[in-house]
Amino acid sequence: METGSIPVRSLPGGFDLQATLESGQSYTWLREDGGMYDEVARGGDAWYATVLPTSVTGGRPAVVRARQRDGRIEWASNVDAHAHLVRLLRLDDDLDAIMARTPDDPLLTTAYDAYRGMRLVRDPPFASLVSFICSAQMRVSRIHGMQTRLAREFGDPVEFDGRTYYAFPRPEQLARATEERLRELRLGYRAPYVARTAEMVASGEARPEDAADLGYEDAREYLTRFVGVGEKVADCVLLFSLGFLEAVPLDTWIRTAIAEYYPECDRGGYAETSRAIRERFGGEYAGYAQTYVFFYLRTGGAV
DNA sequence: TATCCAAGGTAAGTT
DNA sequence: AACTTACCTTGGATA
């Protein structure tokens, strides 16, 4: 077991682990006290755990546990997790600079103040792709449940500190899943989408990470070749996995925000409205603004 | 207790 | 290209 810690004050703009992991960006972490999304007071200091896939570690899957307490991010792992955490939780983003480069409007300011320190995540691409295929017409807490079941059913088990953790399935593992089994895991009509997309990735027909080499709108178009991936899901993968911080997924909450606060940005079609709200949110870091607004509204912020 | 509704949308079929 | 409609499931609201 290796351990370490990272002082929060060393991170420009601070950090909020709970907000970062429970804001509906990533579905690859488990809170070890069992709770997540569905309760309790904020400001907890619970441990969270994830398993890095072999595509990231290059070797065996690595378990990473982290918690935030006493002004530090504490971690424990079977590898040196520091660089992994910086990457997964975007600890190298300068939040102060990013907020300074998004507009100074009342909704954004309120959302920023509510979850100061929340960062975007950088999830492994295949897990992110599957997670957001599953997200269609689904509550955040249930998306998380689906991903947890997929890992336990099809992922590699990894022993760490007396417990068994499960990596998110590799494409070839998930490609072996039958639609029927996926429906039993309560994916509903998303089951064939996940099965077909996993086959596409496993066969080498296309890989989500290949979109990273393209320009933003071409990258979004590229991802829609996967079954179950439309423009909104594509934007989520671009933002939460592939580092396109300008991506603004147009989900129900953001559409509500547009109607209430930025009606002039509603241009009818997805691409045009997306472009308008992206500009309204300052362009290059518009996705940060989107994520704060989404989480703020979803957790009861005034509309 | 029964019924209804909506949830971080997408694919397929019509105009 | 723009506009409908069907689609699994289920927690929470309403009757």
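Below, chains carry the letters A, B, ... as their sequence lines are ordered, and counting in each starts from 1. This is a predicted model, so every value here is computed, not measured.
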What I want to check is whether an N or O donor and acceptor connect the side chain of [X] with the base of [N] at under 3.5 Å.
| X | N | result |
| --- | --- | --- |
| A/Tyr27 | B/dG8 | yes |
| A/Tyr189 | B/dG9 | yes |
| A/Arg190 | B/dT10 | no |

message: Taking side chain to side chain contact (heavy atoms under 4.5 Å, CB included) as the criterion, tell me which of A/Thr102, A/Leu95, A/Leu107 meets it with A/Tyr112.
response: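 Among A/Thr102, A/Leu95, A/Leu107, the one meeting side chain to side chain contact (heavy atoms under 4.5 Å, CB included) with A/Tyr112 is A/Thr102.
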task: In whole angstrom, give the distance that lies between atom CD1 of A/Ile133 and atom P of C/dC8.
output: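 The answer, rounded to whole Å, is 16 Å.
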- prompt: Nearest-Å distance, CZ (A/Arg139) to C1' (C/dA13)?
  reply: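 One finds 10 Å between C1' of C/dA13 and CZ of A/Arg139, rounded.
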Nucleotide nearest [X] when distance is taken to its side chain, options [options]:
| X | options | value |
| --- | --- | --- |
| A/Val233 | B/dG8, B/dT10, C/dT9 | B/dT10 |
| A/Phe294 | B/dG8, B/dG9, C/dT9 | B/dG8 |
| A/Asp251 | C/dC8, C/dT9, B/dG8 | B/dG8 |
| A/Arg186 | C/dT10, B/dG8, B/dA11 | C/dT10 |

- prompt: Nearest nucleotide by nearest heavy atom, which residue falls closer to the 5' end of DNA chain C, A/Glu272 or A/Arg142?
  reply: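 The residue mapped nearer the 5' terminus is A/Glu272.
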Using the [atom1] atoms only, state how far [M] lies from [N], rounded to an integer number of Å.
| N | M | atom1 | value |
| --- | --- | --- | --- |
| C/dC8 | B/dG13 | P | 14 Å |
| C/dC7 | B/dA7 | C1' | 13 Å |
| B/dG8 | C/dC3 | P | 25 Å |

So [X], base contact, sugar-phosphate only, or nothing? Heavy-atom distance under 4.0 Å.
| X | value |
| --- | --- |
| A/Ser23 | base |
| A/Glu179 | nothing |
| A/Gln290 | base |

- prompt: Where does the angle between the aromatic ring planes of A/Phe294 and A/Trp253 fall among parallel (under 30°), tilted (30 to 60°) and perpendicular (over 60°)?
  reply: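 Because their plane-to-plane angle is over 60°, the rings of A/Phe294 and A/Trp253 count as perpendicular.
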Is the terminal nitrogen or CZ of [X] (NZ for Lys, CZ for Arg) located under 6.0 angstrom from the six-membered ring centre of [Y] and within 45° of that ring's axis?
| X | Y | result |
| --- | --- | --- |
| A/Arg65 | A/Trp47 | yes |
| A/Arg196 | A/Tyr193 | no |
| A/Arg225 | A/Tyr222 | yes |

query: Using purine N1 to pyrimidine N3 plus N6-O4 or O6-N4 for Watson-Crick, or N1-O2 and O6-N3 for G-U wobble, both under 3.5 Å, which nucleotide pairs with B/dT14?
result: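 Partner of B/dT14: C/dA2.
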task: Sort out the partner of B/dG8 for me: Watson-Crick or G-U wobble, both distances under 3.5 Å, none otherwise.
output: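 Partner of B/dG8: none.
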- request: With DNA chain B as reference, determine whether A/Val227 or A/Ile143 sits nearer its 5' end, using the nearest nucleotide of each.
  value: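 Residue closer to the 5' terminus by nearest nucleotide: A/Ile143.
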query: C/dC8 phosphate, OP1 or OP2: any side-chain N/O from A/Arg183 under 4.0 angstrom?
result: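 So the side chain of A/Arg183 is within the cut-off, an N or O lying under 4.0 Å from OP1 or OP2 of C/dC8.
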- prompt: Do any side-chain nitrogens or oxygens of A/Gln137 fall under 4.0 Å of OP1 or OP2 in B/dG9?
  reply: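 Checking A/Gln137 against B/dG9: at least one side-chain N or O falls below 4.0 Å of OP1 or OP2.
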